[in-house]
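Down below is the structure, laid out as structure tokens.
Throughout, protein chains are lettered first and strands after them, A, B, ... in sequence-line order, and every chain is numbered starting at 1. Values reported hereafter were calculated over all heavy atoms of this structure, with side chains retained and with hydrogens, waters and symmetry mates removed. Predicted model, so just to flag it, every value in this text is computed and none were measured.
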2 protein chains.
Amino acid sequence: MSLKSQHIPRATIQRMAVYIQVLESLQRDGKDVISSELLAKTCSVNPSQIRKDLAYFGEFGVRGVGYYVQDLITSIKQALGVDRVWKTAVVGIGNLGRALLNHREFKLRGFHIVGAFDCDPFKIGEIVSGLEVICSRRLKEKAEEIGIEIGIITTPPERAQRATNYLVDAGVKGIINFAPARINVPDDVTVEYVDFFHHLYAVAFNVTLNAESE
Amino acid sequence: MSLKSQHIPRATIQRMAVYIQVLESLQRDGKDVISSELLAKTCSVNPSQIRKDLAYFGEFGVRGVGYYVQDLITSIKQALGVDRVWKTAVVGIGNLGRALLNHREFKLRGFHIVGAFDCDPFKIGEIVSGLEVICSRRLKEKAEEIGIEIGIITTPPERAQRATNYLVDAGVKGIINFAPARINVPDDVTVEYVDFFHHLYAVAFNVTLNAESE
DNA sequence: CAATTCATGTGAAATTTTTAACAAAAAACG
DNA sequence: CGTTTTTTGTTAAAAATTTCACATGAATTG
Ligand SMILES: NC(=O)c1ccc[n+]([C@@H]2O[C@H](COP(=O)([O-])OP(=O)(O)OC[C@H]3O[C@@H](n4cnc5c(N)ncnc54)[C@H](O)[C@@H]3O)[C@@H](O)[C@H]2O)c1
Ligand SMILES: NC(=O)c1ccc[n+]([C@@H]2O[C@H](COP(=O)([O-])OP(=O)(O)OC[C@H]3O[C@@H](n4cnc5c(N)ncnc54)[C@H](O)[C@@H]3O)[C@@H](O)[C@H]2O)c1
């Protein structure tokens, strides 16, 4: 039906990202067509799940055939809104912030880093990966000039809320927070938290569980 | 009831990691006691959710009072099995692998990196963060010597499966995969995938959605 | 020390998400 | 060109998860 304004589960969005990843692998391997059954096996999900997930956005397959890999990648990226350039900015130019600025994959995937902000006077003015580090207090002013859509926070945790405030104040509606701290934002701002210790905890728990049950 | 061998939702485990993060923040701020209501607000979940999650593992609160922050941190870490040292190894000593080896937070959280493996003859023998880089073909042999419990894969995606095979062969039961590729493992091996582009996609999608609906 | 307040732990209800089942449509085949 | 095969899109059923509601137990107060 693909009617808009229907609620799409968060889990669906997460799986869509996995589908892109797997489809791009398939494409590199020269595969043209894939069935929901095979795609499902690779993603470790149920085939119905995939068809259901895709149905939220439209009809992308051909009955009796499957999905054309290239077309499906394009369709999913369009559905997610990642078929265009997103202007992003990094706040907190320390170890991690620098690593992200130097990571070329961002540009490759349409996330162009157009701003680098820090509060440390020794860092302000420095050129990192072709970008001048700007004082984070000037974020709003700069945002009006360059247009920031997504903010990436890589400050220490106790500074994450302040960085958030700068971003929100500048009208940024999407935030990725690498600092291990929860942040408060207005309802119309989206936050995603990235913390790989969460994954380590999950693995440790599962390994413990499996070890006990045998 | 806290009876063992009851299935615990994956989502619960993910939230437990968030609870630890927030509780540690509260502890740094000198807070001794917290109610499920306040903790819930900080974590952006329902208070019942927290009580239910914790109930899978035991009774950690005091009625009419709340939870003692320090005790709850200890209890959750124990419940997850992260109150001990986990011996981990990194496979693929490139940019990311090196960054992880140099990240002191791992040791701080009980994840001790005891092995560094790569297949590149130019890297083998090099000392990175006090560890000698070993040939990945010798992983099994080395694992028997040092005891590896968790493997971290930071190879290019097309090599992730090979790295996985070495780890599985060496008896490793938990894997964190930073390479953007799905990997196949036996049933008794747990895999967690880390890919921050998934988070960027999710934010881009939500920002698009919110922008449309206004 | 009874009464009151407070916040947990928990069983039942509501909601959401996943899985199964199948009709519909496209291609392949004789 | 009808028949068979294949695999999607979709509706219905099943399962899982979340939320509600409240009884229970601990502390506090008068
Ligand atoms: N280094 C890693 O590999 C890694 C991995 C995962 C998560 N993290 C998290 O990412 C964050 C950054 O880590 P790091 O190693 O880069 O730390 P860092 O100390 O090297 O960098 C932090 C930077 O943030 C800047 N900063 C502080 N307050 C600021 C503010 N209000 N506005 C703008 N900039 C501000 C500091 O000047 C500094 O340059 C931390 O929260 C850390 O826990 C780091
Ligand atoms: N660099 C980042 O910031 C970053 C961030 C997120 C994800 N990643 C992902 O992490 C992976 C590594 O990234 P990188 O930038 O460190 O790449 P890199 O090329 O610098 O490092 C890859 C390393 O893996 C080694 N390797 C290859 N095959 C191997 C095998 N079979 N066994 C053992 N070692 C092997 C290579 O010799 C090399 O040293 C990639 O899949 C990348 O997509 C990187």
Strictly under 3.5 Å: I want the nitrogen or oxygen pairs between protein and nucleotides 25-29 of chain D, one per line.
{"unit_1": "dG25(D)", "atom_1": "N2", "unit_2": "G64(B)", "atom_2": "N", "d": "3.3"}

Answer with yes or no whether the side chains of T74(B) and Q70(B) bring together a donor and an acceptor at under 3.5 Å. yes

Starting at atom CZ of F60(B), determine the distance to atom P of dT10(C), rounded to an integer number of angstrom. 11 Å

Flag if over 12 foreign heavy atoms under 6.0 Å of CD, E37(A): no

Closer than 4.0 Å, any side-chain N/O of Y56(B) to the OP1 or OP2 of dT18(D)? no

Is it the case that the ring center of F178(A) lies less than 6.0 angstrom away from the ring center of F196(B)? yes

Please list residues of residues 72-80 of chain A whose heavy atoms come under 4.0 Å from any atom in DNA chain C, ordered by number; otherwise none. none

For a quick check under 3.5 Å, do R51(A) and S36(A) share a side-chain donor-acceptor pair by atom type? yes

Expressed in angstrom and rounded to an integer, what is the separation of Y67(A) atom OH from dT6(D) atom P? 18 Å

Take the protein atom CG of D53(A) and the nucleotide atom P of dT8(D), then report the distance between them rounded to whole Å. 14 Å

Would R138(B) count as a cation-pi partner of F117(B), with NZ or CZ less than 6.0 Å from the six-membered ring centre and within 45° of the ring normal? no

Measuring to OP1 and OP2 of dA16(D), would you say a side-chain N or O of R10(B) lies under 4.0 angstrom away? no

Provide, to the nearest angstrom, the distance between the NE2 atom belonging to H7(A) and the C1' atom belonging to dT17(C). 11 Å

Comparing nearest nucleotides in DNA chain C, the 5'-proximal residue of the pair R51(B), I8(A) is R51(B)

Option passing side-chain contact (heavy atoms from CB on, under 4.5 Å) with I175(A) (candidates I150(A), I183(A), V91(A)): I183(A)

How long is the line joining CD of E59(A) and P of dT11(D), in whole Å? 11 Å

Can you check the F57(A) CZ to dT10(D) P distance for me, whole Å? 14 Å

Tell me whether R28(B) is salt-bridged to E24(B), with the criterion being a basic N under 4.0 Å from an acidic carboxylate O. no

In whole angstroms, the gap separating P of dT8(C) from CG of L54(B) amounts to 10 Å

Suppose we call two aromatic rings close when their centres sit under 6.0 Å apart. Are F106(A) and F197(B) close by that rule? yes

Find out whether I76(A) and L54(A) are in side-chain contact, i.e. whether some heavy atom of one side chain is under 4.5 Å from a heavy atom of the other. yes

Should we count CZ of R162(B) as having more than 12 external heavy atoms under 6.0 Å? no

Which nucleotide in the set dT18(D), dT19(C), dG9(D) lies at the smallest distance from any side-chain heavy atom of K52(A)? dT19(C)

May I ask you to check whether N177(B) and E192(B) show a side-chain donor-acceptor distance below 3.5 Å? no

Strand-adjacent residues in residues 30-49 of chain A, judged by heavy atoms under 4.0 Å from DNA chain C: N46(A), S48(A), Q49(A)

